Amino acid sequence: MANNTKIMVENLIFYYGNDKALEDVSMLIQENKITALIGPSGCGKSTFLRVLNRMNDLIPGTKLKGKVLIDGYDIYSNTTDVVELRKKVGMVFQKSNPFPKSIFDNVAYGPRAHGIRDKARLTNIVEESLEKAAIWDEVKDKLKQSAMELSGGQQQRLCIARALAINPEIILMDEPASALDPISTAKIEELIRVLKEKYTIVIVTHNMQQAARVSDYTGFFLLGELIEFSDTNKIFTSPQDSRTEDYITGRFG
Amino acid sequence: MKRQQIYQQVAFGGLRLSTLTIISVLGLIIWFLGKEGVSALSWEFLTQAPRNGMTEGGIFPALVGTLCLTLGAIIFALPLGVFAAIYLTEYAKQGRLVRIIRLGINNLAGVPSVVFGLFGLAMFVEYLNFGPSILAGSLTLGILILPTIIRASEEALLAIPQTFREASLALGASKWHTIYKAVLPPAIPGILTGTILGIGRAAGETAPIIFTAACFYTARLPHSIFDQVMALPFHLYVLATEGTHFEKTLPLQYGTALVLLGLVLGINLIAVIIRTRLRRKIRW
């Protein structure tokens with residue numbers, strides 16, 4: 001693992017109330033690479049993802065120990081501006097969650113929240129983001145239509161466009177294709193591969209083929225522990241830990 | 001028939017009967033008022049002041065007064081109620097204090113309206129020296145409908161999926177921006193429901209305005225919010241209890257009641273139309 005480290009997680013321990021959800025996790029996430037997090041339900045991979053943009057702050061009673069550095073800055077220090085952090089670290093959720101607004105307003109939501117009012121500039125950003133998310137051709141004639149009228153796969157790509165519109169450096173994806181049909185899933189995967197040229201992507205997935213197909217690095221979580229973290233190739237061809245092997249060969253999970 | 005099916009039939013029957021009973025009570029009231037009051041209705045009745053010791057003429061000043069009072073109550077209570085609801089659901093740390101505040105709001109909803117009237121008299125009319133006026137009456141009615149608006153707004157805000165908040169915050173929007181742009185718009189139809197209920201109450205209440213706003217008779221229309229006004233419910237009360245002529249004014253009373261009912265239904269209808277439009281636009 002040469003390259004540039006974008007995110008450095010050191011000895012992370014995370015609690016929901018008294019329940020320990022993550023146990024001493026350390027991980028280096030490389031810039032402009034796709035890092036997949038796999039593991040059975042409840043293993044802590046989504047919690048880990050949400051640590052990276054401090055989404056867990058919304059849940060009362062959580063506690064965190066250890067260090068999370070992005071570009072060398074501790075995102076859990078007292079001086080961290082959460083709003084700035086989330087501008088830099090975008091997120092796409094498991095269930096597509098467009099706002100009940102027009103397609104245009106959905107994509108323009110982030111830029112507007114950051115104070116961009118200029119109509120021409122917003123139009124530009126919206127078009128660019130929709131193009132990057134490979135959905136522009138499908139929606140260019142109906143930007144004023146409600147986003148709720150799009151299909152599930154389109155909604156998810158719209159959500160990706162919405163996340164791209166704030167010009168993040170890192171994109172977190174929480175099982176972005178788990179609720180989609182195979183064709184939409186293929187589109188999203190293709191999109192993810194293209195996006196890695198410009199963004200650092202961390203993706204949580206239940207689908208091991210998906211992790212194998214799209215990612216450069218893979219981390220396997222089990223019961224809150226990071227069991228193994230390495231090149232995707234290596235994880236899937238010669239896993240070092242027997243538990244990893246059991247999981248990816250489908251013996252449990 | 002199987003036992004299960006019999007139970008089901010009985011349960012459905014009971015539910016249907018309850019609904020029918022409620023509808024027929026409402027129907028009876030409207031039918032009765034319509035039958036007795038429609039003869040009094042005329043253009044003159046709606047646009048003229050009462051004459052001849054209020055045994056003839058119309059109810060125009062009372063109509064205007066009630067509109068002013070209701071509007072004033074909404075202008076005062078709607079923003080206050082919505083902001084309070086936003087604070088309670090989105091900002092306040094959920095715990096004992098918030099529970100006590102909620103309990104207080106619920107109890108406020110149960111306070112008899114005459115108590116609000118007395119409070120308004122002491123607070124707005126006397127202490128703040130507004131005198132009996134539209135202002136004092138509107139504020140009193142506003143306080144009366146606050147719990148309704150707060151509760152409805154809270155329900156509406158709580159019904160907004162958490163995913164909207166997450167999506168907005170994940171885009172780097174501030175908490176206030178999230179509430180203002182992502183949570184509040186889809187909650188507006190629900191908030192309007194509370195407002196509709198509030199409007200109905202504010203327009204129909206008598207006790208809170210007797211001491212704070214309503215006057216027995218004035219042909220003059222209000223010129224400022226410090227004027228006293230006639231109001232439909234109080235006018236009705238006056239006509240019905242004024243000893244000597246009350247038989248003579250019976251059609252006027254039914255007419256007044258009918259207009260009051262029509263007014264409330266009309267305002268509700270407008271709010272329902274707005275709500276339906278919004279719902280069509282904002283769906284999830």
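Note that the structure is predicted; figures quoted are calculated from it, not measured. Residue numbers start from 1 in every chain, and the chains themselves are labelled A, B, ... in the order their sequence lines are given, proteins ahead of strands.
Residue A/V92: no heavy atom, backbone or side chain, is found under 4.5 Å from chain B. With a 4.5 angstrom heavy-atom cutoff, A/R54 does not touch chain B via any of its atoms.
Chain B forms the most heavy-atom pairs under 4.5 Å with one residue out of A/M91, A/M55, A/K87, and that residue is A/M55. Contact count versus chain A (heavy atoms, under 4.5 Å) is highest, among B/A173, B/A182, B/A167, for B/A167.
Distance check: A/R86 CZ to B/L171 CG gives 10.5 Å after rounding to the nearest 0.5 Å. For the atom pair CG (A/L58) and NZ (B/K175), the distance works out to 8.0 Å, reported to the nearest 0.5 Å. The OH atom of A/Y109 sits 8.5 Å away from atom NZ of B/K181, with the distance rounded to the nearest 0.5 Å. Expressed to the nearest 0.5 Å, how far CD1 of A/I59 lies from CD of B/Q162 amounts to 9.0 Å.
For B/Y180, the OH atom is loosely surrounded, since the number of other residues' heavy atoms within 6.0 Å does not exceed 12. Heavy-atom neighbours of A/R193 CZ from other residues, nucleotides or ligands within 6.0 Å: above the threshold of 12. More than 12 heavy atoms of other residues, nucleotides or ligands sit less than 6.0 Å from atom CG of A/D81. Dense packing is recorded around OH of B/Y91, with more than 12 heavy atoms of other residues, nucleotides or ligands lying under 6.0 Å away. Counting non-hydrogen atoms of other residues, nucleotides and ligands closer than 6.0 Å to CD of B/Q94 gives a total above 12.
Residues B/P185 and A/F99 fail the side-chain proximity criterion, which asks for heavy atoms closer than 4.5 Å.
Closest approach of B/S174 to A/V83, counting heavy atoms only: CA-CG2, 4.1 Å.
Using a distance-only test at 3.5 Å, with no hydrogens or angles considered, no donor-acceptor pair links the side chain of B/H177 to the main chain of A/R112. Counting only distance, with no hydrogens or angles, the side chain of A/K95 and the backbone of B/T163 share no donor-acceptor pair below 3.5 Å.
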